Protein chains: 2
Amino acid sequence: MLQHLFTFDDDGTTSLQRQLQSKLIEAILGGYFVAGSRMPSSRKLAETLGVSRNTVVAAYEQLADEGYLVSRERSGIFVNEHVFDEHAEAARIEISDETQFDWQTACNPTSIETSQPAYPDNWEDYRYPFIDGQYDQSLFPLNQWRECSRLSLNVDEIRSWARDSGYQDDASLIHEIRTKVLPRRGIQAHADEILVTLGSQQALYLVSRLLMNTTTLLTMEEPGYQGIRQLAQHNLCPIRFAGIEKDGIALHEISPQTQLLYVTPSHQVPTAVTMSREKREALIALANRDDFIVIEDDYESEANFISNPNPALKSLDFQGRVVYISSFSKALAPGLRLGFMVASPELVRRARQLRALMLRHPPANNQRIMALFLSLGYYDMTMRRLYQATNERWQELREALNHYLGPYIVTSETMGGSTCWVKGPPGLNSQKFVAAAAEKGILIEPVDRFYGGHDRPECYFRLGVRSLPKEKIRPGVEELAKLIDDIRADGDPSFGQHLKGDKLKRFLSNVTFTGYTVFGDPYRITLFADGKMEGVEGHNDEKQDTGTWWLKGNTWYRQWQSWSYGELLGFDIFITDTRIHWVRDGKLVDAANYNKT
Amino acid sequence: MLQHLFTFDDDGTTSLQRQLQSKLIEAILGGYFVAGSRMPSSRKLAETLGVSRNTVVAAYEQLADEGYLVSRERSGIFVNEHVFDEHAEAARIEISDETQFDWQTACNPTSIETSQPAYPDNWEDYRYPFIDGQYDQSLFPLNQWRECSRLSLNVDEIRSWARDSGYQDDASLIHEIRTKVLPRRGIQAHADEILVTLGSQQALYLVSRLLMNTTTLLTMEEPGYQGIRQLAQHNLCPIRFAGIEKDGIALHEISPQTQLLYVTPSHQVPTAVTMSREKREALIALANRDDFIVIEDDYESEANFISNPNPALKSLDFQGRVVYISSFSKALAPGLRLGFMVASPELVRRARQLRALMLRHPPANNQRIMALFLSLGYYDMTMRRLYQATNERWQELREALNHYLGPYIVTSETMGGSTCWVKGPPGLNSQKFVAAAAEKGILIEPVDRFYGGHDRPECYFRLGVRSLPKEKIRPGVEELAKLIDDIRADGDPSFGQHLKGDKLKRFLSNVTFTGYTVFGDPYRITLFADGKMEGVEGHNDEKQDTGTWWLKGNTWYRQWQSWSYGELLGFDIFITDTRIHWVRDGKLVDAANYNKT
């Protein structure tokens with residue numbers, strides 16, 4: 001073994017001792033000789049390598065001088081315990097004294113840009129990680145996954161998955177996808193219309209390699225998923241963008257020359273808006289008319305908390321032009337990398353061949369575990385748990401945003417999901433805001449990566465709750481609100497006339513305030529002379545609450561039964577001709593229109 | 001749920017009942033309504049879908065007529081249990097009456113040829129599967145893999161692998177590769193010089209996408225691994241071939257214009273010859289001189305049974321121009337898809353980015369299981385077991401080939417491996433031979449796929465023992481030998497003079513036969529007048545045996561102590577001026593040169 005480590009180059013340009021030193025340094029830094037461990041004796045090493053003992057002794061002495069080795073009397077020569085602190089980088093450069101091959105020139109100049117992660121790798125160390133797409137241990141179905149993993153290691157199961165299965169997928173997983181997963185999305189598919197992939201990313205890669213080239217036109221959402229933009233760039237495929245309306249992609253902005261359309265209808269990435277049923281039908285009609293392919297990335301398909309999920313575009317497609325892409329990773333654990341695509345047999349056949357060229361097939365043990373997990377009903381169970389937890393967190397996030405950030409922000413109107421797309425106050429520099437928040441232990445996502453065009457609004461940011469327990473959401477948003485107050489650079493606006501004394505009391509007795517929540521829902525609050533107040537919210541007045549108000553000096557106090565966490569709060573009141581401003585500590589907390597009755 | 005399955009197209013061209021029928025057929029064939037199960041009542045289905053009950057009843061009746069459904073009195077309507085036998089394909093065509101999107105035209109015309117498997121999918125059903133690259137349950141380290149799998153599902157372990165790890169590999173797996181796997185091959189590498197891949201295939205794909213284009217010249221071995229040829233074709237990269245000598249690739253056939261060289265030095269695919277140490281050094285010198293990249297696919301690196309394994313080319317590479325590729329899948333289970341590459345940091349950085357674009361990263365749970373498996377010493381244990389089993393099988397295969405097929409075949413000279421590359425008798429059509437063998441329950445590999453040039457010798461085939469227990473090897477080869485006898489089309493050659501009586505006895509008393517085994521090793525057998533005989537084999541007479549011989553009528557009988565399985569066998573003897581031919585039942589069994597002493 002040892003002699004394999006030490007191959008000497010006898011070109012005569014470098015002395016044997018010098019070569020031995022380099023090799024020893026490599027072996028130490030490479031971990032072959034572990035830090036703190038004892039080195040072989042000089043006699044033994046000399047014998048093994050077939051060099052003179054003097055050469056080894058001289059090399060050892062030199063390395064001791066350089067701090068790689070430490071000599072201990074009567075014990076022998078040891079690797080310095082702190083060798084990595086001192087030498088790791090320096091040594092590498094030092095030993096590379098031979099001409100090195102120039103890889104930069106040798107590599108193809110293809111674009112393989114992949115975006116920097118939106119948050120640091122140690123996101124779990126932050127107090128409030130409002131991020132998307134990560135793992136939450138409390139939602140992982142530990143016992144069920146363990147059970148399926150154990151079952152997959154039965155002798156008979158191993159026998160069937162351990163072999164090289166060539167192009168094929170695990171037949172039981174395909175069966176489960178066809179009969180348990182796809183029907184929930186309204187999709188019926190034959191086995192040869194389904195391909196298992198390493199997460200949805202591999203499906204997108206396969207599709208991009210098969211369908212994109214320098215003359216195909218891709219239309220994608222703006223803002224939209226950066227992954228598809230990177231793949232288009234990799235394949236030198238031209239891109240156009242279509243904006244996002246409150247019910248999904250702006251159809252009139254889809255160029256008739258489009259050959260490929262990438263959409264995320266369930267919850268648009270990154271705004272989380274859901275494409276309406278009507279727009280889905282119109283989109284399929286448009287695709288049929290203009291003859292383009294639709295890539296449907298069914299992100300967070302089932303996390304609709306306000307209405308039922310809409311059927312997938314694929315279920316409305318009678319011409320076989322929709323490529324449906326989905327993933328199990330997000331629901332379970334991103335590290336698993338397991339997803340699938342559904343498309344016409346002809347495309348699936350080609351994608352299967354390309355997949356074989358790329359890596360044969362997705363790991364068969366994971367396919368089998370997933371098949372067992374589905375067949376035992378654990379996936380349904382996991383999705384229900386996930387639905388409930390995400391729903392609670394999402395509602396909590398909405399309430400907190402409305403309460404703490406009401407006058408400053410607008411969010412996209414969504415039916416659910418695990419993220420919130422937020423437009424901050426004008427002038428907010430979201431890069432700086434994200435950095436400032438991170439310093440306070442709050443991770444929020446910058447949004448620059450979602451934009452491909454030149455117009456990149458500065459004041460947007462994004463919050464996710466997939467990895468954040470419910471009880472941390474409110475305090476996290478509260479701290480975020482303080483931060484917005486602190487860094488708003490545009491100074492205080494004029495709040496109008498500061499009401500005091502009798503004037504204040506007269507104004508507040510019998511007045512109605514109307515406005516919109518941060519989600520765009522209308523609300524109406526009426527104050528009565530007797531100190532009671534009533535509020536309704538929603539397009540159909542779905543939500544209602546009552547409370548009380550009173551004055552103490554020139555401060556107006558109010559307390560709802562349940563709204564605004566039922567908290568007692570006091571404000572200074574400023575009005576203009578039509579608007580009321582609630583102000584605390586000189587800062588605007590909320591604003592609305594008013595009507596004296 | 002159910003209503004998602006049934007989306008109706010109101011374009012007015014197809015009646016509601018017709019659409020419902022189509023959808024029901026799709027749902028039945030798609031497995032949503034399971035064969036033999038009861039359908040929802042017509043009343044319930046009508047309510048759920050919001051159509052009239054008459055429409056449902058009519059659709060049910062029509063489907064019953066067509067054999068999809070079966071009506072059972074007082075029980076309801078059921079899905080026909082035999083629906084798949086009768087309808088699967090027919091129905092698909094029938095329901096596709098809408099214009100279908102033309103995927104053939106839409107797809108890029110890229111070459112994504114992947115070769116047909118060399119053996120049928122149900123290879124385990126054959127009595128003698130002499131195939132390569134498959135799984136052998138008896139060699140899978142079941143308990144150890146189970147243990148590591150269980151350990152990987154500890155809460156803390158899950159926590160660290162379940163998250164989206166972005167571009168990164170499992171740090172503990174990289175550590176194990178650096179300190180336990182690479183030193184065995186003489187390679188020292190830093191963490192940023194290693195990339196985990198989904199088997200060696202993904203490493204090859206990454207390298208091909210990064211380095212190949214229409215102007216790079218790839219040189220590969222001929223015969224050689226078809227996977228690299230397919231990747232070159234996929235990337236429109238020109239290919240040249242260099243032949244195989246007994247110590248590896250023919251260096252003088254490597255064009256000086258070569259930019260990429262693909263080699264399999266440990267055991268050449270498909271001939272299994274091992275590149276000598278001298279040739280390895282000469283190859284690196286050539287690569288340095290002509291400035292080309294070497295892709296070293298280290299297939300079956302440790303299965304050398306005759307001499308120690310040579311250090312990897314990568315260990316001789318001081319300029320960083322060798323890309324080393326290896327796999328864990330073969331040693332454990334091909335279905336796992338786990339391998340790695342070692343190369344300069346610059347190339348690894350680009351490969352990592354491209355890998356992220358393809359699929360983010362290899363599944364993290366498998367990386368962790370493998371890291372645990374290595375750290376607990378189980379990989380070493382598995383490799384030792386595999387070495388021992390393969391060694392025994394390989395020796396058994398050599399003996400059987402020599403014994404049963406001696407005069408007909410020549411094999412490549414190898415140091416080990418799990419395969420044997422065989423040149424059959426002239427005129428053997430190996431395609432027909434492989435097919436005839438399969439009919440007898442013997443799977444051997446055709447070799448056409450290993451050739452890229454025009455010159456494809458017909459009479460070669462390949463035998464593998466990775467998935468065949470030792471005790472099956474001899475009977476398998478014996479049956480194969482019979483088959484060769486049967487299908488040899490060239491008729492019996494002249495064996496020379498048939499020796500009988502005294503002439504026979506005189507000839508055999510004090511004679512020496514010299515020849516070569518099927519592996520090219522020389523042997524020498526001496527017969528003495530007293531009925532004793534002695535044999536030596538090998539370049540240094542390493543193997544020796546003694547035996548006895550006698551005559552019974554005109555038949556010569558002989559029995560070795562251990563050679564030829566120690567079996568008693570009788571032959572007719574034919575001689576020419578220099579050659580002796582052993583003949584049984586009119587068929588040549590062996591031949592040698594002779595010297596009367």
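Below, each value reflects all heavy atoms present in this structure, side chains not excepted, and no hydrogens, waters or symmetry copies. Reminder, nothing fancy here: chain letters follow the sequence lines and each chain counts from 1. It should be emphasised that the depicted structure is a prediction, and the values quoted were computed from it without experimental measurement.
- With sequence neighbours excluded, the residues that form a side-chain contact (heavy atoms from CB on, under 4.5 Å) with B/Glu147 are B/Arg150, B/Leu151, B/Leu376, B/Tyr378.
- Judged by distance alone, the side chain of A/Arg337 and the main-chain N or O of B/Leu359 form a donor-acceptor pair under 3.5 Å.
- In this structure, A/Gln188 and B/Lys23 approach most closely via the heavy-atom pair OE1-O, 3.3 Å.
- Residue B/Gln353 touches chain A through both its backbone and its side chain, counting heavy-atom pairs closer than 4.5 Å.
- The closest donor-acceptor contact from the side chain of A/Asn108 to the backbone of B/Met212 lies under 3.5 Å.
- When A/Ala106, A/Ala203, A/Ser200, A/Gly199 are compared by the number of non-hydrogen pairs under 4.5 Å with chain B, A/Ala106 comes out ahead.
- Counting heavy-atom pairs under 4.5 Å between each of B/Val155, B/Leu204, B/Asp291, B/Thr216 and chain A puts B/Val155 at the top.
- With respect to chain A, the highest number of heavy-atom pairs below 4.5 Å among B/Ile158, B/Leu316, B/Leu338, B/Leu142 belongs to B/Ile158.
- Heavy-atom distances place no part of A/Val348 under 4.5 Å from chain B, backbone and side chain included.
- Heavy-atom pairs under 4.5 Å with chain A were tallied for B/Leu182, B/Leu206, B/Leu347, B/Leu231; the largest tally goes to B/Leu347.
- With hydrogens and angles ignored, the 3.5 Å screen pairs a side-chain donor or acceptor of B/Trp103 with a backbone N or O of A/Gly320.
- Interface check for chain B: of the options A/Asn366, A/Leu354, A/Asp102, the most heavy-atom pairs under 4.5 Å are formed by A/Asn366.
- Taking B/Ile112, B/Ile284, B/Asp136 one by one and counting their heavy-atom pairs under 4.5 Å with chain A, the maximum is reached by B/Ile112.
- Highest contact tally toward chain A, considering only B/Gln230, B/Gln259, B/Arg368, B/His234, is held by B/His234 [criterion: heavy-atom pairs under 4.5 Å].
- When each of B/Gln201, B/Gln104, B/Arg146, B/Glu124 is checked for heavy-atom pairs under 4.5 Å with chain A, B/Gln201 comes out on top.
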